[in-house]
2 protein chains.
Amino acid sequence: MPERALPYRPHNHEACVSQALADARAICRQQNARLTPIRERVLELIWQSHKPLGAYDILAMLGTEGHNAAPPTVYRALDFLLQHGLVHRIASLNAFTGCTHAGEHHRGTFLICRECGNVLELDAPDVTRAVEAAAADVAFRPEEITMEVAGRCPRCQGEPGHA
Amino acid sequence: MPERALPYRPHNHEACVSQALADARAICRQQNARLTPIRERVLELIWQSHKPLGAYDILAMLGTEGHNAAPPTVYRALDFLLQHGLVHRIASLNAFTGCTHAGEHHRGTFLICRECGNVLELDAPDVTRAVEAAAADVAFRPEEITMEVAGRCPRCQGEPGHA
DNA sequence: CCTGCAAATGTTATAATGTTGCAAACTTTG
DNA sequence: CAAAGTTTGCAACATTATAACATTTGCAGG
Ligand SMILES: [Zn+2]
Ligand SMILES: [Zn+2]
Ligand SMILES: [Zn+2]
Ligand SMILES: [Zn+2]
């Protein structure tokens, strides 16, 4: 899978989104899952945003485009996308972001810039290994790992306030 | 500081709680912070529970003991306790738990049993180091680390359903 | 003691986030 | 097509968190 541009670096984000959607379609086909219009649209909205979106942000966006959606619509779509590894939920933000390693069954580490709000998903095997080792030390069997790091992204360290 | 018993191992929990409260009083004295009755009571309730407590759980408990509290009362007490490193917020649970390393300025790793709900706070320097290294690789400056691992605790792996 | 300030708490209302339950529409399958 | 299963619409509700402003409390000077 080609490495996508880092979110806080200038890049052709439309291509980013199309690629993600294409990947998602392929993954769903492969898993015999139905990426319905709503689900796909929610995924697209999430990808189009450079920052994690709250469920109610998504709801509002659907509203402005004529789709008269209620909360369950959005949450159900999000559940589906989470289930199939297409998005992640950022617990510390109550928000959702597109998975940059969809289909790879992995545990993401998220670097969240407090200044500009951008989120970078790392695939950090060392971190995962360290967590698993620490858990093993106390005979704990990990199933799901939430790793979210709030701080400053490179761009915001020198010159704060990038959107 | 003496190591406290692991939460899911039988132990004299009252002693646990008194020790935590004594520590808290010492820390607040040292920091010139006022551990008022409400704040102390909230901390005590959190410590008395073996499992993380939601703000509204605390609210209800205060209610049953005649204290007619509203949400802001609890949230303000919790803010104070968070501020002074006496409790942690578990983002994935929207709940709060007593810090087992209060005063040590540290980044806790939380092992959350999905079966019994108990939470174990680890001081896992290896994990922290791994996270910091991964962040450094992309020039991200971490400020706060959220590490929450959901899974099965040792007791619940064999015989599920421990309270 | 009193006075005045700052910190803490009380109180009411409201915002933000997430869920339940059931009915209608759509898809798949035989 | 008919049955069964899945997805969506919809209304109500539950939970978690904050805003705004009034009141009380603790404390330092006068
Ligand atoms: Zn991912
Ligand atoms: Zn930034
Ligand atoms: Zn701690
Ligand atoms: Zn357990």
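What you are looking at is a predicted structure, and each value in this text was computed from that prediction instead of being measured.
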- Give me the first and last nucleotide of DNA chain C, going 5' to 3', that has any atom under 4.0 Å from a heavy atom of chain A. C:dT17 to C:dT27
- Item | B:Glu65: partners by side-chain hydrogen bond (donor to acceptor under 3.5 Å, both in side chains), with sequence neighbours left out | B:Arg41
- Gap between atom CG of B:Leu21 and atom CG of B:Leu43 - 0.5 Å precision: 5.5 Å
- Rounded interatomic separation in angstrom, taking CZ from B:Arg39 and P from D:dG26: 12 Å
- In this structure, CG of B:Asp23 is separated from SG of B:Cys99 (nearest 0.5 Å) by 10.0 Å
- Message: To the nearest 0.5 Å, what is the distance between CD1 on B:Ile38 and CD1 on B:Ile58?
- Response: 12.5 Å
- Item | For DNA chain D, the dot-bracket pattern of Watson-Crick and G-U pairs whose distances stay under 3.5 Å, | for other-strand partners | ||||||||||||||||||||||||||||||
Quick one: side chains of residues 88-98 of chain A, donor-acceptor pairs under 3.5 Å with protein atoms, not counting sequence neighbours, listed by atom name and distance.
residue, atom, partner, partner atom, Å
A:His88, NE2, A:His106, NE2, 3.3
A:His88, NE2, A:Glu121, OE2, 3.0
A:Arg89, NH2, A:Asn94, OD1, 3.3
A:Ser92, OG, A:Glu148, OE1, 2.4

- Message: List the residues meeting ring-ring contact (aromatic ring centres under 6.0 Å, His included) with B:His13, not counting sequence neighbours, and say none if there are none.
- Response: B:His11, B:His50
- Item | Within-4.5 Å side-chain heavy-atom neighbours: B:Phe140 and A:Leu120 | no
- Query: Can you check the B:Ile90 CD1 to D:dA17 P distance for me, whole Å?
  - Reply: 12 Å
- Tell me, which pairs form a side chain to side chain donor-acceptor pair (under 3.5 Å) where one or both residues lie in residues 128-146 of chain B, sequence neighbours left out? A:Arg114-B:Glu143, A:Arg114-B:Glu144, B:Arg107-B:Glu132, B:Asp126-B:Arg129
- Query: Between atom SG of B:Cys116 and atom CZ of B:Arg152, what is the distance when rounded to the nearest 0.5 Å?
  - Reply: 9.5 Å
Could you list the donor-acceptor pairs under 3.5 angstrom formed by side chains in residues 70-87 of chain A, with sequence neighbours left out?
residue, atom, partner, partner atom, Å
A:Thr73, OG1, A:Ala70, O, 3.3
A:His84, ND1, A:Phe80, O, 2.9

- B:Leu35 side chain reached by B:Ile27 side chain, heavy atoms, under 4.5 Å: no
- Minimum side-chain heavy-atom gap A:Val17-A:Glu14 below 4.5 Å: no
- Task: For A:Phe96 and for B:Ala70, find the nucleotide of DNA chain C with the closest heavy atom, then tell me which residue's nucleotide is more 5'.
- Result: B:Ala70
- Could you identify which residues of residues 71-83 of chain A place a heavy atom less than 4.0 Å from some atom of DNA chain D, listed by residue number, or say none? A:Pro72, A:Thr73, A:Arg76
- Could you give all pairs that pass the side chain to side chain donor-acceptor pair (under 3.5 Å) test and reach residues 24-38 of chain B, with sequence neighbours left out? B:Arg25-B:Glu40
- Taking the side chain as every heavy atom from C-beta outward, state whether A:Trp47 and A:Thr100 have any atom pair closer than 4.5 Å. yes
- Query: Which residues in residues 56-68 of chain A have at least one heavy atom lying under 4.0 Å from any atom of DNA chain C?
  - Reply: A:Tyr56
- Query: Are any of the side-chain heavy atoms of B:Cys153 and B:Asn118 separated by less than 4.5 Å?
  - Reply: no
- Task: Would you jot down, in residue-number order, the residues of residues 28-38 of chain B having a non-hydrogen atom under 4.0 Å from DNA chain C?
- Result: B:Arg34, B:Thr36, B:Ile38
